[in-house]
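Below is one structure, written out as C-alpha cells; comments come after it.
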Amino acid sequence: MKDILQRLGIEDINPGAWAGAAIAGDTGEVVTSYSPGNGEALASVRLAGVGEYEQVVAAAQSAFERWRVLPAPQRGEIVRQMGEAMRTHKDDLGALVTLEVGKILSEGLGEVQESIDMADLAVGMSRQLFGLSMHSERPGHRMYEQWHPLGVVGCITAFNFPNAVWAWNALVALVAGDAVIWKPSLKAPLTAIATHRMCDAVLAKHGFSGLLGLIIGGDADVGETMIADKRLPLISATGSTRMGKRVNQVVAGRLGRCLLELGGNNAIIVEPDADMDLAIRGVAFGAVGTAGQRCTSTRRLFLHKSIAGEFTDRLVAAYKKVPIGDPMHADTLMGPLIDADAVSMYTQGLKDIQAEGGEILCGGTVLDRPGHYVTPTVVRGRPDMAIVQHELFVPILYVFEYEDIEDAIKWHNDVPQGLSSAIFTDSFRRAERFLAAHGSDCGIANVNIGTSGAEIGGAFGGEKETGGGREAGSDSWKAYMRRQTCTLNWSTDLPLAQGVKFDI
Ligand code: NAD
C-alpha cells in the first residue's frame with residue numbers, strides 16, 4: 001500500500017489546496033483517509049479554508065485568460081497528454097481508488113479507464129465544438145452561432161467515483177476552454193490529489209499550471225463559498241439530492257448555472273419472455289456491483305408474476321455465492337461500504353423496510369471483521385412502501401411482482417428520482433413500449449442490459465430529483481460553453497427584422 005501511495009506522490013500529511021503547486025496552509029484541521037476495506041489509515045490531508053480557496057481561484061482565473069484563446073484542438077492535444085499520464089499510472093491510480101473507496105480492483109481500474117476514455121473523447125470533441133449557421137431574413141446578412149468558453153467552472157464530486165466524475169467534467173471543460181476548480185468528497189481526497197498532480201504536471205509542461213485547481217475543505221466554509229462565488233459561472237455538482245437542492249438554490253440565487261448529477265432509484269422490469277440467465281446477471285451486477293454504491297445501482301426489481309418465483313429463487317442462490325471481502329483480491333466481487341455511516345444506513349434501512357412489512361429473503365447482516373462489510377440483500381416488498389421512495393445507497397434490492405406491464409411501468413416511474421432504467425424482454429413490442437414517450441421517465445433507458453455501467457459516448461444523467469444534468473458524451477460539452485448568436489451585415493443597407501421601419 002505504501003509503495004502505491006509513494007509512487008503517486010501522496011505524503012503523510014497532504015496539503016488541501018493545490019493550484020498546480022501545493023498551497024501551504026498550516027491552520028486547517030487534519031483529516032485522515034481510512035481504507036474501508038480494513039480500516040487502516042492511508043494518509044492525512046490538512047483541510048484548506050477560504051483563504052486558500054481564494055488563491056486557487058486567482059490562479060485559475062489567470063490561467064484561464066491565456067487558455068481560452070488557445071485554439072481548441074491545441075487544448076485537446078494537452079488533454080490527450082493527460083489521458084496518456086493516466087494510462088501510464090492506471091494500475092496505481094486504480095489501486096488507490098480501491099484502497100480509498102473500497103470498490104473491487106477491476107472496478108477501480110475500470111474507473112481510471114473511464115477517465116482515459118473521457119480524455120480520448122474530449123480530444124475528438126476539441127475539433128467538433130460546432131455551431132449552426134442560419135439563413136437570415138434580411139438581404140446581405142449572415143447569421144450563425146458560435147460557442148465560447150464559460151470561465152472558471154466549479155466541480156463538486158461524490159465519493160463513489162473519486163476519479164471519473166471529475167474527468168467527465170474537467171476534461172470536457174478543458175477542451176471547451178474553461179478552467180476547473182475541483183472540490184472532492186472528504187471521503188476520497190487522496191485520489192483527487194493524485195489525479196490533480198498527474199494532470200497539472202502535463203499543464204505545467206505547456207505553461208498552464210494552476211488552470212486546474214483542487215480545494216479539499218469543509219462543506220460549510222469552502223463548499224458554501226464556492227457555490228456562492230459569482231466568479232464561477234457554472235457549478236457542476238455530483239452527489240445526493242439533498243446536496244443538489246442546496247447547490248441549486250444558492251447558484252440560482254446568483255443566476256449562475258448548475259449541472260446536477262444526483263441520486264437515483266433505478267429499476268429493472270423482467271418480462272415473462274426475458275432471457276432469464278441474462279436478466280439474473282444484469283440484476284446481480286446492477287444491485288451488488290460497487291456494493292450498491294453507484295448512482296445507477298439497481299434498487300427495485302419488477303418481476304412478472306409468472307416468473308417471479310423461479311427468478312427470485314435463482315437470484316437469491318446467486319446472491320448467497322457472492323464472494324465478499326478484500327476489494328484488492330482478484331476473486332472478490334463485493335467489497336465494503338464506504339464507512340460506518342453507510343453501515344448504519346443499511347441497518348436502519350432494513351429496520352424501516354421490515355416495519356413496513358418488507359421480508360428479507362437473503363442477506364441483511366453486517367459482517368464482523370475490520371472494515372465496513374455487509375451482505376447483499378434481497379427484500380420482498382410492495383411498491384407503495386414509503387421507504388421505496390428513498391435512495392438507500394447500500395446493496396438492498398426490492399423485489400415486486402406485477403401482472404400487467406402497464407402497472408410495472410407506472411410503479412417504475414412512481415419515485416422522485418429518474419436516472420437509469422431497464423427492461424429485459426425478447427419482445428420488440430414490450431421493449432418499444434418501455435422506451436416510448438409514456439414509458440420509462442429516466443435519463444437512461446436500457447433493453448436487455450442492467451441499469452449500471454453506462455458508456456461515456458452517450459449523454460449521462462437523469463430527470464426529476466436526479467437533477468436534469470447531462471455529462472460525458474453526445475453534445476454534453478454545450479453545458480461548459482456559452483452560445484453566441486452572430487449576425488453580420490455585409491450589405492450597404494440597414495433593413496430591420498420583422499419589417500420594422502425606423503428611417504431617420
Ligand atoms: P454527498 O451529497 O454527501 O456529497 C457530494 C459532494 O457534495 C461532496 O463533495 C460534498 O462535500 C459536497 N457538498 C455537500 N454539501 C455541500 C454544500 N453545501 N456546498 C458545496 N458542496 C457540498 O454525496 P456522496 O455521499 O459523496 O455520494 C453519494 C451520492 O451521490 C448518491 O446519492 C449518489 O446517487 C450520488 N451520485 C450521483 C451520480 C450521478 O451521476 N447522478 C454519480 C455519483 C454519485
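Treat the numbers as computed from the prediction; the structure is a model and nothing was measured. As the structure lists them, so they are numbered: ligands from 1, and atoms in each ligand from 1.
- Annotation: side chain of Ile235 is in contact with side chain of Ile156 (closest heavy-atom distance under 4.5 Å).
- Outside the 6.0 Å centre-distance limit, the rings of Trp18 and Trp182 are not counted as a close aromatic pair.
- Regarding atom 17 (C) of ligand 1, its nearest protein heavy-atom neighbour is Glu224 OE2, 3.9 Å.
- With sequence neighbours excluded, no residue forms a side-chain hydrogen bond (donor to acceptor under 3.5 Å, both in side chains) with Trp166.
- Judged by the shortest distance from any of its heavy atoms, Phe393 lies inside the 4.0 Å radius around the atoms of ligand 1.
- Closest to atom 36 (N) of ligand 1 among all protein heavy atoms lies Cys295 CB, 3.6 Å.
- Formation of a donor-acceptor pair under 3.5 Å by the Ser185 side chain with backbone atoms of Lys187 is found in this model.
- Here the heavy atom of the protein found nearest to atom 9 (O) of ligand 1 is Thr157 O, 2.8 Å.
- Distance alone, capped at 3.5 Å, places no donor-acceptor pair between the Glu40 side chain and the Met1 backbone.
- In plain terms, the two heavy atoms of Leu262 and Cys295 that are nearest each other are O-CB, 4.4 Å.
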Determine, stepwise, if the pair Trp411 / Phe400 fulfils ring-ring contact (aromatic ring centres under 6.0 Å, His included). CA-CA 10 Å; Trp411 292 330; Phe400 311 117; 7.7 Å; no

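- No more than 12 heavy-atom neighbours from other residues, nucleotides or ligands sit within 6.0 angstrom of CZ on Arg380.
- Protein heavy atom at the shortest distance from atom 27 (O) of ligand 1 is Ala158 CB, 3.3 Å.
- Within the structure, every pair that satisfies the salt bridge (Lys or Arg N to Asp or Glu O under 4.0 Å) test and touches residues 281-302, not counting sequence neighbours, is listed here: Glu107-Arg294.
- Protein heavy atoms come within 4.0 Å of atom 15 (N) of ligand 1.
- The protein heavy atom nearest to atom 23 (O) of ligand 1 is Ser240 N, 3.5 Å.
- Taking only nitrogen or oxygen atoms, main chain and side chain alike, Ile227 does not reach within less than 3.5 Å of ligand 1.
- Shown in contact with Pro184 at under 4.0 Å from a heavy atom are these atoms of ligand 1, numbered in order with element: 9 (O).
- Using a 4.0 angstrom heavy-atom cutoff, Glu471 does not count as in contact with ligand 1.
- Considering only non-hydrogen protein atoms, atom 11 (O) of ligand 1 sits nearest to Asp219 OD1, 2.6 Å.
- Nearest non-hydrogen protein atom to atom 35 (C) of ligand 1 is Gly239 O, 3.3 Å.
- Nearest heavy-atom pair, Val374 versus Pro395, reported as atom, atom and distance to 0.1 Å: CG2-CG, 3.9 Å.
- In the vicinity of Gly223, heavy-atom distances shorter than 4.0 Å reach the ligand 1 atoms 19 (N), 20 (C).
- Checked by distance only, ligand 1 and Thr466 stay at 3.5 Å or farther apart across all their nitrogen or oxygen atoms.
- The closest approach between any non-hydrogen atom of Thr238 and ligand 1 is below 4.0 Å.
- In this pair, His412 and Phe302 present their aromatic rings tilted. The plane angle is within the 30 to 60° band.
- Around atom 3 (O) of ligand 1, the closest heavy atom drawn from Met243, Arg242, Gln293, Lys187 belongs to Arg242.
- Closest to atom 44 (C) of ligand 1 among all protein heavy atoms lies Asn160 OD1, 3.2 Å.
- Among the atoms of Phe161, none of the N or O lies under 3.5 angstrom from an N or O of ligand 1.
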